[in-house]
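Notes follow the structure.
Just follow the structure's listing: the first ligand is 1, and inside any ligand the first atom is 1. One is the number of the first residue; the rest follow in order along the sequence.
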Amino acid sequence: MICYDHIMVRFGELSTKGKNKKDFIRILSLNIKHALKDFSNLQVEERYDHIYVHLNGSDYEPIISRLQDVSGIQALSLVAKVNNDIEEIKSASLELIKQEEGQTFKVKVKRSNKRFSFSSDEITRIVAPVILKNTSLKVDVHNPDILLQVEVRDEGTYIFVKTYIGAGGYPLGVGGKSMHMLSGGIDSPVAAYLLMRRGVVIECIHFASPPYTQEAVIYKLIDLLHKLNRYQSKIRLHIVPFTKIQEAIYDNAPESYCITLMRRMMYRLAAKLAKRRKCPVISSGESVGQVASQTLQSINVINEVTNLPVIRPCAVMDKLEIIKYAKKIDTYDISIRPYEDCCTIFTPKAPKTSPHLDEAKEFEKKFDYESLIEEALNNIEVKFIE
Ligand code: ATP
Ligand code: MG
């Protein structure tokens with residue numbers, strides 16, 4: 001009896017990557033092994049243009065669902081493998097299609113093994129009549145209920161009807177590393193996820209202002225990162241003591257400039273830590289126009305403190321779109337837990353939406369922020385979330 005014994009993993013975008021492809025496949029294969037480490041009995045096989053997971057009798061559903069979180073996978077098919085033998089292909093096709101529900105079918109054949117003695121067309125014209133003769137199914141080439149796919153490769157022939165979409169993007173680890181600014185809100189975990197999907201590993205930096213902000217925020221961050229562990233199994237979180245800097249700002253600048261200056265300090269700290277941790281970019285959950293500090297003019301004045309590129313995956317997304325992602329990655333319910341953030345605690349009644357760089361610099365001259373920044377960097381607390 002024939003049964004589905006493999007999951008075929010397709011890469012999609014990877015195929016455009018030419019000579020890097022080998023590395024990509026290697027990294028993806030490691031990520032797949034890691035994602036499936038709780039399942040015993042499986043085997044991961046790397047091939048030039050696909051990866052195969054040998055089920056060895058395991059139930060496929062939880063495995064497919066786990067693999068759907070792994071970035072760099074375009075699609076997953078549940079496949080049955082037979083020898084490159086037309087009789088085997090015929091009988092397996094018939095047996096598998098009989099298990100399906102529907103009235104119409106189409107056979108789609110792909111032959112990458114050019115030594116196989118039948119062409120794709122010939123295979124179709126051999127398999128389809130067998131199905132017509134032995135079932136009540138009718139052919140519908142445009143909109144079939146069942147699409148039976150047959151792929152003849154060097155090592156064997158794969159037959160399948162079920163394909164599941166993957167997360168897309170690139171395998172985590174091929175895109176380098178970003179220093180990601182994680183608050184506790186809705187946007188920054190989503191931004192982190194979007195980066196991970198592009199293959200970028202993240203380290204997180206969080207600015208904490210005890211006693212104004214509570215320890216509960218840290219637990220919230222840990223809960224958020226546990227959700228993100230689905231995509232990156234180990235995440236480093238740097239907690240930067242921000243209280244003294246924040247107090248110095250409030251002592252030396254008018255209320256309307258506090259947020260601007262605070263964010264300039266955050267970016268200074270993030271840039272320094274990024275360099276230390278060998279991250280070539282910083283990232284954040286900022287979204288254009290969302291709040292006073294995220295108008296283009298504010299972003300310009302804030303970003304002026306660093307020449308490191310800042311990636312803002314949520315930059316042009318509506319809040320509703322961001323929320324949709326947050327729900328998909330299951331961070332939404334954690335993000336909306338009430339908490340005091342260093343941004344909310346001192347929120348001025350009228351923050352500047354169009355701050356001036358000269359003025360910001362003037363206010364900063366009034367205190368020795370460089371040494372406060374050094375001190376904060378020397379007192380970072382690091383946590384590993386895995
Ligand atoms: P989020 O929902 O992610 O908190 P937000 O809408 O609350 O975003 P802001 O509070 O203005 O927006 O923050 C914009 C971005 O700045 C955040 O997405 C995050 O990347 C970064 N950020 C804000 N506060 C902190 C913090 N305390 N520590 C680290 N990063 C922060
Ligand atoms: Mg916030």
Given Glu151, which partner from the list Lys81, Lys108, Arg10, Arg111 fulfils the salt bridge (Lys or Arg N to Asp or Glu O under 4.0 Å) test?
Arg10
Evaluate the ring planes of Tyr164 and Tyr60, with Trp represented by its six-membered ring, and classify them as parallel (under 30°), tilted (30 to 60°) or perpendicular (over 60°).
tilted
Kindly indicate whether the side chain of Glu100, heavy atoms from C-beta on, has any atom under 4.5 Å from the side chain of Phe105.
no
Do Phe207 and ligand 1 have an N or O pair less than 3.5 Å apart?
yes
Taking atom 21 (C) of ligand 1 as the point of reference, which of Glu286, Arg263, His180 owns the nearest heavy atom?
Arg263
Geometry only, no angles: is Gly285 polar-contacting ligand 1 at N/O separations under 3.5 Å?
yes
Here the atoms of ligand 1 under 4.0 Å from any heavy atom belonging to Ser284 are 20 (O)
Do the non-hydrogen side-chain atoms of Tyr231 and Leu172 ever get within less than 4.5 Å of each other?
no
N/O to N/O below 3.5 Å, does that happen between Ser183 and ligand 1?
yes
List ligand 1 atoms under 4.0 Å from Leu182, heavy atoms only on the residue side.
28 (N), 29 (C), 30 (N)
Thr353 and Thr295: side-chain donor and acceptor closer than 3.5 Å?
no
Counting each atom of ligand 1 from 1 as listed, which ones have a heavy atom of Ile205 under 4.0 Å away?
29 (C)
Specify the closest pair of heavy atoms between Ser284 and Ala191, including all atoms of both residues, with the distance to one decimal.
O-CB, 3.5 Å
Mind telling me whether Tyr369 and Phe367 have parallel, tilted or perpendicular rings, with 30° and 60° as the class edges?
perpendicular
Counting from 1, what ligand 1 atoms have a heavy atom of Ile186 closer than 4.0 Å?
1 (P), 2 (O)
Sub-4.0 Å atoms of ligand 1 with respect to non-hydrogen atoms of Gln294
9 (P), 11 (O), 12 (O), 13 (O), 14 (C)
